[in-house]
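Heads up, the thing below is written out as structure tokens.
As a basis for the values below, the full set of heavy atoms in this structure was taken, side chains included, without hydrogen atoms, waters or symmetry mates. Here the structure is a predicted model, which is why all the values come from computation and not from measurement.
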Amino acid sequence: MTKSELRKTFLDRRKGMLSAETLEKSSQIADRFFENFDLTHVRVIHSFVSIERFNEIDTSVILTTVWKEHVQIETLIPRVNFKTGDIESLQFTSETLLAQNLWGISEPVHGEPVPADNIDMVLVPGLAFDKRGNRVGYGKGFYDRFLGRCRPDCIKIGLSFFEPVKKITGTYAGDITLDWLITPQRAISCG
């Protein structure tokens, strides 16, 4: 299927999920994450913050567990720079003051951007993924541009409520493939 077909299909599927199901599957994804990744040598993780009205995966379970059990790890979340069209990574703790941007996405109010080449691991949102690490987002290219600035050894992990599709067609040279995909059932290596 093409990206536009998958975008519509998976937006509808996600929209049809009940909030209890979203929370349960988000918790299962967090379990698969901690079961499959050794964070001993990870120093900086960038994670998206869920957009509740879009029924996105709730990453708060992962982030709060990192804060409690992996205090050596710095956590970052995105802020969109509307002038450049790029994602900036800002430090995120339990005390970080957040405000909604023009699109209703929670972002840090204050802070200096952390360079993308400092990041060891990125948790990537998406609507659909395939086993080769291709993803379908909302179609603006923010994450592809951001991931393109990360180091080659940065581990890129897509989080999804759904199992991967067979193949995403319509990819282009600017698309950045992911290393892993985590669903409620399993972690899948895309390499």
Side-chain angles (χ1 to χ4, degrees), residues 3 7 10-11 14 22-23 25-26 29-30 33-34 37 39 42-67 70 72-129 133-161 172 174-182 190:
K3 284 186 168 190
R7 189 172 291 116
F10 281 87
L11 273 170
R14 211 170 60 188
T22 301
L23 290 174
K25 288 181 181 288
S26 294
I29 288 167
F33 174 75
F34 289 109
F37 292 94
L39 302 180
V42 173
R43 295 291 169 247
V44 182
I45 293 178
H46 171 105
S47 175
F48 64 97
V49 175
S50 64
I51 306 171
E52 199 172 320
R53 65 187 165 91
F54 289 165
N55 243 8
E56 287 187 335
I57 293 163
D58 182 355
T59 56
S60 66
V61 175
I62 293 173
L63 291 167
T64 55
T65 302
V66 167
W67 295 336
H70 302 278
Q72 82 282 5
I73 297 176
E74 179 181 9
T75 52
L76 310 174
I77 60 172
R79 178 175 71 188
V80 175
N81 182 326
F82 288 100
K83 290 179 184 172
T84 65
D86 288 327
I87 287 177
E88 300 172 337
S89 297
L90 276 71
Q91 187 176 47
F92 182 55
T93 69
S94 59
E95 282 119 41
T96 301
L97 182 61
L98 301 176
Q100 291 193 348
N101 69 13
L102 299 172
W103 296 333
I105 301 169
S106 294
E107 298 178 327
V109 173
H110 306 290
E112 290 299 314
V114 174
D117 58 5
N118 287 8
I119 300 170
D120 300 309
M121 180 180 281
V122 179
L123 303 181
V124 183
L127 293 165
F129 300 87
N134 295 305
R135 66 180 280 277
V136 175
Y138 295 116
K140 303 292 184 196
F142 287 107
Y143 264 91
D144 288 314
R145 287 190 297 277
F146 167 65
L147 294 172
R149 294 192 316 271
C150 293
R151 296 188 322 262
D153 67 333
C154 176
I155 302 166
K156 299 171 290 300
I157 305 169
L159 305 182
S160 178
F161 287 131
Y172 72 101
D175 288 345
I176 304 295
T177 56
L178 305 178
D179 303 304
W180 288 86
L181 172 62
I182 300 178
C190 302

**Asked** Are the side chains of Phe161 and Asn55 in touch, meaning some heavy atoms are under 4.5 Å apart?
**Response** no
**Aromatic ring proximity Phe54/Tyr138, centre distance under 6.0 Å** = yes
**Prompt:** Atom CD1 in Ile157, atom OG in Ser160: separation rounded to 0.5 Å?
**Reply:** 14.0 Å
**Request:** Keeping the roles fixed (side chain from Arg14, backbone from Thr22), state whether a donor-acceptor pair exists under 3.5 Å.
**Result:** no
**Item:** Backbone N/O of Pro108 and side chain of Thr96: donor-acceptor pair under 3.5 Å
**Value:** no
**Item:** Side chains of Ile57 and Ser26 in contact at under 4.5 Å (non-hydrogen atoms)
**Value:** yes
**Message:** As a quick check of understanding, evaluate side-chain contact (heavy atoms from CB on, under 4.5 Å) for Ile73 and Met121, giving each step before the final call.
**Reply:** CA-CA 11 Å; Ile73 297 176; Met121 180 180 281; over 6 Å; no
**Message:** With a 3.5 Å distance limit and no angle check, can you tell me whether Asp120 reaches the backbone of Val44 through a side-chain donor-acceptor pair?
**Reply:** yes
**Prompt:** Do the side chain of Glu107 and the main chain of Val80 share a donor and acceptor less than 3.5 angstrom apart?
**Reply:** yes
**Prompt:** Got a donor-acceptor contact below 3.5 angstrom from the Arg151 side chain to the Asp117 backbone?
**Reply:** yes
**Item:** Aromatic ring proximity, centroids under 6.0 angstrom, Phe37 and Phe33
**Value:** yes
**Backbone N/O of Ile87 and side chain of Arg79: donor-acceptor pair under 3.5 Å** = no
**Asked** Is Arg145 close enough and on-axis enough to Phe142, meaning under 6.0 Å and within 45°, for cation-pi?
**Response** yes
**Item:** Between Phe92 and Trp67, ring centroids under 6.0 Å
**Value:** yes
